[in-house]
Amino acid sequence: MQNFRTIKENGSHEIEIKKSRFICHLSRTETEEEAIKFIESIKIEHSKANHNCSAYILGERQEFQRAHDDGEPSGTAGVPMLEMLKKRNLNNVTAVVTRYFGGVKLGGGGLIRAYGGSVNDALSSIGIVERQLHQYITVMVSYPMSGKLENQLRISTYILQDIHYTESVSFECLIRIEHIDQFINEVIEWTSGQGTCTMGAQAWIESEISE
């Protein structure tokens, strides 16, 4: 999984519908164990609530998808929550919507709108980011070649993280995984084949998405 969308940070958001309180709690989770642990923590925190409905989606191919109605009529809570996560094209997210019943029944359609809307509003409030997997690549060149390479890197879309001046000049760059071959080919062109590329660690870079 090289790129995916997820929530900007963990958090919660509350709405009120016909005197019922709907509190959506969102958390980044990478495994089902983490998701279940988060769900249980909310159930403990809101043990006096009428319902703590949940949904999560995770896995490299979004293969782990679960929804639970926690006592609400079947299909009126967990599924619309999960569908909202899928609609926003998110991954590695667990949502729990806590409901404190206010005395007015919403009906099946009302519940579907309430639970799905609660997740949607929380996502909009907390924010969504795209996580992109990058590769650290260090390019080493001689001093005479360094000026041209630095200029090319600074006008490119690549991330120039740092420059080290020793016996030669090393440019520490962050390159999206899918652009590695392109980057290396361009470095060869910019340095007339005199640059040396060394692979380092990988890192996730996040960019906020406006919707």
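Reckoned from all heavy atoms, side chains included, excluding hydrogens, waters and symmetry mates.
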Exercise. Please examine the side chains of Glu9 and Ile126, heavy atoms only from C-beta on, and report whether any two atoms are closer than 4.5 Å.
Key: yes
Quiz item: Is there any ring pair (Phe, Tyr, Trp, His ring centres under 6.0 Å) pair reaching into residues 19-50, and which pairs are they, with sequence neighbours excluded?
Solution: Phe22-Tyr115, His25-His46, His46-Tyr100
Practice problem: Go through the side-chain N and O atoms of Tyr56 and Glu34 and say whether any donor and acceptor fall under 3.5 Å apart. | Solution: no
Exercise. Answer yes or no: are there more than 12 heavy-atom neighbours, outside Lys8 itself, under 6.0 Å from its atom NZ?
Key: no
Practice problem: Keeping the roles fixed (side chain from Thr191, backbone from Val187), state whether a donor-acceptor pair exists under 3.5 Å. | Solution: yes
Quiz prompt | Residue pairs passing the salt bridge (charged side-chain N to carboxylate O under 4.0 Å, His left out) test where at least one lies in residues 104-116, sequence neighbours excluded | solution = none
Exercise. Check which hydrophobic residues are tied to Leu174 through side-chain heavy-atom contacts below 4.5 Å, counting indirect links as well, and list them.
Key: Tyr136, Ile159, Ile205
Quiz prompt | Under 3.5 Å: donor-acceptor pair, side chain of Ser170, backbone of Met140 | solution = no
Quiz prompt | Same apolar cluster: Met84 and Ile17, side chain cutoff 4.5 Å | solution = yes
Practice problem: Mind checking the CD1-CG spacing from Ile177 to Leu133? Nearest 0.5 Å is all I need. | Solution: 4.0 Å
Quiz item: What pairs meet the salt bridge (charged side-chain N to carboxylate O under 4.0 Å, His left out) rule with one or both residues in residues 132-144, with sequence neighbours excluded?
Solution: none
Exercise. Take Tyr158 and Glu186 through the side-chain contact (heavy atoms from CB on, under 4.5 Å) test and state the conclusion after the steps.
Key: CA-CA 11 Å; Tyr158 304 121; Glu186 290 184 338; 2.8 Å; yes
Self-check item: Set of salt bridge (charged side-chain N to carboxylate O under 4.0 Å, His left out) partners for Glu14, sequence neighbours left out
Solution: Arg21
Quiz item: Are a donor atom and an acceptor atom from the side chains of Asn92 and Thr6 found within less than 3.5 Å of each other?
Solution: no
Quiz item: Does Ile180 reach the side chain of Met199, with side-chain heavy atoms less than 4.5 Å apart?
Solution: yes
Quiz prompt | Any pair counted as side chain to side chain donor-acceptor pair (under 3.5 Å), so long as it reaches residues 160-169, sequence neighbours left out | solution = none
Exercise. Not counting sequence neighbours, which residues clear salt bridge (charged side-chain N to carboxylate O under 4.0 Å, His left out) with Glu178? List them please.
Key: Arg176
Quiz item: Do you know the tightest heavy-atom contact between Ile7 and Val129?
Solution: O-CG2, 3.8 Å
Quiz item: Below 4.5 Å, heavy atoms only, C-beta onward: do Leu90 and Leu123 meet side chain to side chain?
Solution: yes
Practice problem: Would you please name every residue forming a salt bridge (charged side-chain N to carboxylate O under 4.0 Å, His left out) with Glu33, sequence neighbours left out? | Solution: none
Practice problem: Kindly work out whether a path of hydrophobic side-chain contacts (I/L/V/M/F/W/Y, heavy atoms less than 4.5 Å apart) joins Leu85 to Ile128. | Solution: yes
Quiz item: Can you name the side-chain hydrogen bond (donor to acceptor under 3.5 Å, both in side chains) partners of Glu63, sequence neighbours left out?
Solution: none
Self-check item: Carboxylate-amine/guanidinium proximity below 4.0 Å for Lys86 and Glu83
Solution: yes
Quiz item: Roughly how far, to the nearest 0.5 Å, is NE2 of His179 from CD1 of Ile184?
Solution: 13.5 Å
Quiz item: Does one hydrophobic cluster hold both Leu82 and Leu26, with members joined at side-chain heavy-atom distances below 4.5 Å?
Solution: yes
Quiz prompt | Side-chain donor or acceptor of Ser124 paired with backbone N/O of Asp121 under 3.5 Å | solution = no
Exercise. Check whether the side chains of Thr29 and Thr94 place a donor and an acceptor atom closer than 3.5 Å, and report yes or no.
Key: yes
Quiz prompt | Trp204 with Ile137, same ILVMFWY side-chain cluster at under 4.5 Å | solution = yes
Quiz item: Any side-chain heavy-atom pair from Gln152 and Ile155 closer than 4.5 angstrom?
Solution: yes
Quiz item: Is Val93 linked to Val96 within one hydrophobic cluster, defined over Ile, Leu, Val, Met, Phe, Trp and Tyr using a side-chain heavy-atom separation of less than 4.5 Å?
Solution: no
Quiz item: In Å and rounded to the nearest 0.5 Å, what is the SG to CG distance from Cys173 to Leu160?
Solution: 5.0 Å
Quiz prompt | Between CG on residue Asn120 and SG on residue Cys24, distance to nearest 0.5 Å | solution = 9.5 Å
Practice problem: State which residues pass side-chain hydrogen bond (donor to acceptor under 3.5 Å, both in side chains) with Lys18; sequence neighbours excluded, sorted by chain then number. | Solution: none
Quiz prompt | Qualifying residue for side-chain contact (heavy atoms from CB on, under 4.5 Å) with Cys53, from His68, Met81, Arg99 | solution = Met81
Exercise. Can you measure from CG (Asn91) to CZ (Arg61) and round to the nearest 0.5 angstrom?
Key: 11.0 Å
Quiz prompt | Check: Gly75 main-chain N/O paired with Asp69 side-chain donor or acceptor under 3.5 Å | solution = yes
Self-check item: side chain to side chain donor-acceptor pair (under 3.5 Å) contacts touching residues 192-201 (sequence neighbours left out)
Solution: none
Quiz item: Got a second to check how far Glu30's CD is from Phe64's CZ, nearest 0.5 Å?
Solution: 13.0 Å
Exercise. Check salt bridge (charged side-chain N to carboxylate O under 4.0 Å, His left out) between Glu206 and all other residues, then give those that pass, not counting sequence neighbours.
Key: Arg28, Arg131
